[in-house]
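A short write-up of the structure that comes next.
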Amino acid sequence: MITFDDSEGPDVYRHTASHVMAQAVKRLYDARLGIGPSIKDGFYYDFQFEQPLTLEELEKIEKQMKEIVEENLPIQRIEMTRDEALEYCRQHNEDFKYELISELDENEQISFYRQGEFMDLCTGPHLASTGQLKAFKLLSLAGAYWRGDENKPMLQRIYGTAFPKKKMLEEYLQRMEEARKRDHRKIGRELDLFSFHDEGPGFPFYHPKGMVIRRELENFWRDEHRKAGYHEVETPIVLNRSLWEQSGHWDHYQENMYFTRIDEQDFAIKPMNCPGSMLVYKMGMHSYRDFPLRVAEMGLVHRHEKSGTLHGLMRVRSFTQDDAHIFMLPEQIEDEVEKVIDLVDHFYQVFGFKYHVELSTRPEKSMGSEAMWEKATRALETVLIKKEITFTVNEGDGAFYGPKIDFHLEDCLGRTWQCGTIQLDFQMPEKFDLTYIGPDGQKHRPAMIHRVVYGAMERFFALLIEHYAGAFPIWLAPVQVVIVPITERHQEYARAVFQRLWEEGIRVELDDRNEKVGFKIREAQVKKVPYMLVTGDKEEETNTVAVRHRQEGDLGLSALESFLHDLKEKIQVKAN
RNA sequence: GCUCACGUAGCUCAGGAGGUUAGAGCGUAUCCUUGGUAAGGAUAAGGUCACCGGUUCGAGUCCGGUCGUGAGCUCCA
C-alpha cells in the first residue's frame, strides 16, 4: 500500500488524478487521448479536441471529476496482448495511443487501467479507486506538440494538481501565489529597475537603479576574473559575413541571426563572441609558455529568438554574456575545466544560489568528427566525476561546435534556467587555423573552451531579483541608505549627513519631502532600501543618526562615523 | 513559430447580454499640516479604451486582422 508520503506516493496519486481528469473529459467532449503523466507538483493530460477547449471549461471538467470521485469507481489493471491493445485503440479511435502501442515489442504484455467506462493505456500503479482522490484543482491550459515534435499536431494540455488533503492543496496554491510576488518582471517595475517596450520586443531597457546593480555585478566579475588570471577584450557587434561563414555560424546559426548591409556588403550582428575573439588571438604568435591564455569579454550579443520564447529578462533577444575563451594545450583541458567549475561555484556561493549541473552531448546539427566529439565529451565527464559533482546527461543538447557542462538555476516558480556553461571546442581553432609554437619550435593546434559564469547578465539579474525578492544585499542595493529628516528644521543636518555618506561613495538619498516620518519609512521599506537614517533634534545635537534596518527595524542611535564605518565594512564583505 | 488567454490613466483594477461628458484606489502636481520609525488632510491634472479595418443609427463592449503580453510546447544564455 503506497501512501502520499512515500517517495512514489505523489506520483501515483497525481497519475490517478490525471486519469480521472481524462475520464471527465471523455464524458464531456469528443476528444482523443495523448499522454497524461504526473509531474513535479501536479499532473497534466494532453488531448486532441474536435472543438478547441476554452479556459472556462476547466470548471466543468473539475465538476465532472468530482462526480467521478463520488462514484468511487474501483481501478483495475487489465493486461492484453499487443494485438488486442491495438484493436482496442482502433475501435475507440485512440490514434495517439495506437501509435505508442505499435512501437512496443510484439510479445510485450500491455497493461491498461480501467475505472468504470474509462480505460487507458498505462503501466501504473494507481490508487485502488477514484474515491481515494481528495483535493485537486485544474490550473491551466496550454498547447503541446504531440511527442514534443513541432512537426506533429499540437494537442491541448490541461495542467492540474492534487493532494490528499484540502489544506495541502490550499497551502500549495498559497505558496504559488507568494512565489508570483517575487516575479522579476513585477519587481522590476515596482523598483524601477528595467523595462520593455513594444518598439523592441525582447530588447531590455535598463533604468538607473537596474544599471547600478548591473555595474556592481560587473565590478565583482572583473575583480574575480583578474584574480583568476583572465585578460579582457572587447570585440565589435557588427562583423562581415565572411567571418560568420568561416566560423560556421552562417551555416549553423543563421536563423537566429540579424543582418544588415553596409557599403553593399553583408554584415551580421554577432550572436556569439567567439569569432571576434578568434581574430584577436590571430593577431600574433603564441607560445605554449603563455598557456592557458584566458581572454574574457563582456560581449553584447543579439539572437532572434522565436517570439513565443521571450520571457522578461530571462529570455531576451539582446544580452551581454560574461564570456571568456581559454586557449590551451590539450593536456591542460581537464585542469582548466576544473578551474572554471570552481570559479562558477564560487560565484554562485556568493549569492547563495543552489544549482544543478548537466552534461550536454552532440546535437544533430553539428560540426566535426565523431571521434572529436567523443574525446571532448569524455574530457568533460572525467572532470565532473573526479570532482564528484552529480550531473544529468542532456543528450543532443550541446553547442554545434562542442559538448558542454551547463549550470542551471531556479526561478521563483521552480523553472530552471541555464546560466553558467563550459563548452569544449575543437572546431573554432580548426576553422580559424589557430596555432601556437610548442617546445619543438613547431606550430600546433591549441584546444579551446568557451565559458560563461553568470551566463547572461540579463538572466542572472532576473534570477537575482527573484532570489532576493528585490531586497538586494547592501553591496548590490541601488539605494543603500535613505535619510529621513523629521521636519524642515532638520534638513540642514540631514544634508550634512547626506554629504558625508555621498563623499564616501555610499548610494544615499535624502527624503526631504514634506511628509511624516512614518510615510517616508514606509516608502523606503517598500523600495527595500537596506538602511533608513532618521535625523531629528536628538541626532543633530549629538552628531548621530537613528538607524533603521529594513528587516531588523529600529536599531537606535549610532554615531555617524561609526555607522559609516560599519556600513562600508558590510559592503566590502558583501554582507546581506 | 504553435495552442489557449489577455491588452481600459504611470501602477493595480471596475466598466450587467453595445446607448449622452469612461470610473476607483495608489502614484503625480499644488495648497494646508512641521509631524520620532510601514500610508495626515484638501484640491487638481492624467485615458487616441494597444493598433487597423468591419458590422451597426450608435462599438471600450460584437467580428476579422496586426502588434504586444501571459501560461505552456518547440528552441535556447
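Throughout, a chain's letter reflects where its sequence line sits, starting with A, and its residues are numbered from 1. Below, all heavy atoms of this structure are taken into account, side chains as well, without hydrogens, waters or symmetry copies.
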- Query: For nucleotides 68-77 of chain B, read 5' to 3', which letter fits each nucleotide if B means a protein heavy atom sits under 4.0 Å from the base, S means only the sugar-phosphate is that close, and - means neither?
  - Reply: SSSBBBBBBB
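- Taking syn as a glycosidic angle within 90° of 0, B:G46 qualifies as syn.
- Shown are A:Trp221, A:Phe353, A:Phe319; of these, the ring pair (Phe, Tyr, Trp, His ring centres under 6.0 Å) with A:Phe460 is made only by A:Phe353.
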- Dot-bracket for RNA chain B, 5' to 3', with Watson-Crick and G-U pairs under 3.5 Å, [ ] for crossing pairs and | for other-strand pairs: what is it? (((((((..((((.....[...)))).(((((.......))))).....(((((..]....))))))))))))....
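- Between the CD atom of A:Glu539 and the P atom of B:U37 there is a distance of 12 Å, rounded to whole Å.
- The interatomic distance linking A:Glu190 (CD) with B:G27 (P) rounds to 14 Å, in whole Å.
- By the 6.0 Å contact criterion, CD on A:Glu492 is open, its count of non-hydrogen atoms from other residues, nucleotides or ligands being 12 or less.
- Atom pair A:Leu55:CG and B:U3:C1' shows a separation of 12 Å (rounding to whole Å applied).
- The nearest whole Å value for the distance from the NZ atom in A:Lys516 to the P atom in B:A39 is 10 Å.
- Between A:His249 and A:Tyr401, the ring-plane angle classifies as tilted under the 30° and 60° cut-offs.
- Contact check of residues 519-532 of chain A against RNA chain B (heavy atom, cut-off under 4.0 Å) returns A:Phe519, A:Ile521, A:Arg522, A:Gln525.
- Of the listed residues (A:Thr421, A:Asp397, A:Val393), just one forms a side-chain contact (heavy atoms from CB on, under 4.5 Å) with A:Ser360, and that residue is A:Asp397.
- Per the geometry, NZ belonging to A:Lys181 stands 16 Å off C1' belonging to B:C11, to the nearest Å.
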